Amino acid sequence: MIGNKEKRKKGTFIVIDGGEGAGKTTVSKAVVEQLGWNAIGAREPGGSQYAEKIRELVLSDLAKYSDVETQFALFWAARRDFLKHVVIPALNAGKTVITDRFDSSTYAYQIAAQGNPQLEKLFWQTRELFLEEYEPDAYILLDIDPEIGIARAKGRGDGNINHFDKRKIDFHIKVNKGLREFVLQKVGANKMCKSAGEVVDASQGLDKVIEDVLALVHKITDK
Ligand code: Z5A
């Protein structure tokens with residue numbers, strides 16, 4: 001496997017992931033704000049004009065008429081466009097890119113929670129082909145008990161609900177297990193790829209979560 005930063009040299013690419021209501025949106029925004037002009041934030045699915053169109057499709061109720069292979073392909077298509085138009089130019093300009101979700105979510109949702117282990121081989125092949133030398137330097141998992149996360153997301157009360165949000169708690173428990181598996185067992189030196197995996201306890205107060213994530217971001221960008 002070709003090393004990410006060794007070959008790329010410029011910029012730092014960090015993913016913040018977690019289950020529903022873990023605080024990804026709130027924490028990524030705060031971190032990007034504190035990092036200042038040299039950082040950009042984005043979310044997945046979406047993040048580029050074309051990928052935002054795919055986002056509408058994959059999060060719409062029409063998704064119930066498509067199978068998981070179709071969904072898998074659409075999430076990767078959106079990711080490739082986002083990478084080409086947003087992430088690569090920013091990294092080449094030496095910026096720090098912080099994304100709210102990335103391929104760790106495909107692993108956790110489509111493979112682990114939707115129960116499709118047969119897609120794992122294709123996942124790693126697609127990852128290598130689509131991400132080229134731009135794989136993330138690190139994944140930071142905001143780890144939270146799904147029941148607490150869901151209660152937080154509901155408490156937000158913005159009515160922003162998609163078909164994943166409507167799934168039963170068992171599904172969200174599997175998502176959390178998939179995310180932990182990805183960050184703790186699949187990424188890291190001598191594993192499936194060279195990206196680093198870090199975990200932050202997201203049940204802590206918001207200020208402490210932001211402080212912990214910022215400390216990790218500084219550690220990763222200073223490497
Ligand atoms: N998906 C997929 O299946 N495959 C893929 O490859 C990708 C994605 C990339 C996108 O949903 C969906 O796409 C997602 C997975 C799937 N499924 N779902 N659901 P989305 O982008 O619409 O939503 P989300 O990613 O699930 O995010 P969220 O529900 O908005 O959660 P969040 O961003 O982690 O949380 P938040 O909005 O920052 O915080 C929620 C509330 O909690 C808010 O009121 C905060 O003020 C509060 N909060 C946050 N942190 C704390 C702490 N520490 N203490 C107390 N309160 C807090």
Side-chain angles (χ1 to χ4, degrees), residues 15-33 41-48 51-52 54-61 63-64 66-83 87 98-116 119 122-123 126-127 130-131 136 139-169 171-176 178-179 182 200-214:
V15 176
I16 298 182
D17 212 332
E20 204 189 323
K24 301 174 296 297
T25 311
T26 314
V27 171
S28 336
K29 273 191 191 147
V31 167
V32 169
E33 229 174 82
R43 66 158 181 200
E44 264 220 8
S48 62
E52 286 290 329
I54 301 177
R55 178 187 174 92
E56 284 172 25
L57 195 60
V58 290
L59 297 187
S60 76
D61 283 342
K64 65 177 172 240
S66 78
D67 63 12
V68 74
E69 284 78 7
T70 309
Q71 294 294 307
F72 179 92
L74 285 170
F75 279 113
W76 271 110
R79 183 162 303 128
R80 174 71 185 179
D81 191 75
F82 166 55
L83 190 84
V87 179
I98 308 275
T99 79
D100 173 345
R101 294 197 187 275
F102 200 61
D103 61 330
S104 35
S105 281
T106 306
Y107 184 90
Y109 282 79
Q110 280 65 56
I111 297 178
Q114 291 185 253
N116 297 286
L119 288 176
L122 183 62
F123 174 88
T126 311
R127 187 181 193 275
F130 279 26
L131 302 190
Y139 293 82
I140 301 176
L141 170 62
L142 299 188
D143 194 26
I144 190 131
D145 178 333
E147 304 235 21
I148 301 176
I150 288 165
R152 275 185 191 169
K154 280 194 181 136
R156 205 177 38 206
D158 57 5
N160 207 350
I161 290 171
N162 61 55
H163 62 95
F164 289 109
D165 301 320
K166 292 178 195 157
R167 299 258 195 161
K168 296 208 169 83
I169 186 70
F171 180 79
H172 296 284
I173 291 171
K174 286 184 197 157
V175 167
N176 191 49
L179 284 169
F182 186 86
V200 166
D201 175 4
S203 68
Q204 306 177 98
L206 184 56
D207 288 349
K208 179 71 170 87
V209 176
I210 294 170
E211 186 189 318
D212 287 0
V213 172
L214 254 179

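Keep in mind that this is a model prediction, so the values were computed, not measured. Numbering of ligands and ligand atoms starts at 1, following listing order.
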Quick one: does [X] get an N or O within less than 3.5 Å of an N or O on ligand 1?
X      : value
Phe164 : no
Gly23  : yes
Glu44  : no

Within the 4.0 Å heavy-atom shell around [X], which atoms of ligand 1 are there?
X      : value
Gln110 : 2 (C), 3 (O), 4 (N), 5 (C), 6 (O)
Gly205 : 53 (N)
Ala22  : 34 (O)
Glu20  : 26 (O), 29 (O)

Discussion item. Residue-level breakdown please: for Arg79 versus ligand 1, do any non-hydrogen atoms fall below 4.0 Å on the side chain, on the backbone, on both, or on neither?
Written reply: side chain
For ligand 1, is [X] a contact, meaning one of its heavy atoms is under 4.0 Å away?
X      : answer
Gly155 : no
Asn160 : no
Gln204 : yes

Worksheet item: Taking the inter-plane angle between the rings of Phe164 and Phe75 on a 0 to 90° scale, is it parallel (under 30°), tilted (30 to 60°) or perpendicular (over 60°)?
Response: tilted
Worksheet item: Counting only non-hydrogen atoms of the protein, does one fall under 4.0 Å from atom 23 (O) of ligand 1?
Response: no
Item to complete: Verify whether one side chain among Tyr107 and Arg127 offers a donor that lies under 3.5 Å from an acceptor in the other.
Response: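 The criterion, which ignores hydrogens and geometry beyond distance, is not satisfied for Arg127 and Tyr107.
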Worksheet item: To the nearest 0.1 Å, how far is atom 46 (O) of ligand 1 from its closest protein heavy atom, and which atom is that?
Response: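 Residue, atom and distance for the closest contact: Thr26 OG1, 4.1 Å.
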Worksheet entry | Nearest option to atom 20 (P) of ligand 1, as decided by whichever heavy atom of Arg101, Arg55, Arg43 sits closest |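 Nearest heavy atom to atom 20 (P) of ligand 1 lies in Arg55.
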Practice prompt. Using the side chain to side chain contact (heavy atoms under 4.5 Å, CB included) rule, take Val200 and Val27 through it: C-alpha gap first, then chi angles, then the decisive distance, then the call.
Written response: CA-CA 11 Å; Val200 166; Val27 171; over 6 Å; no
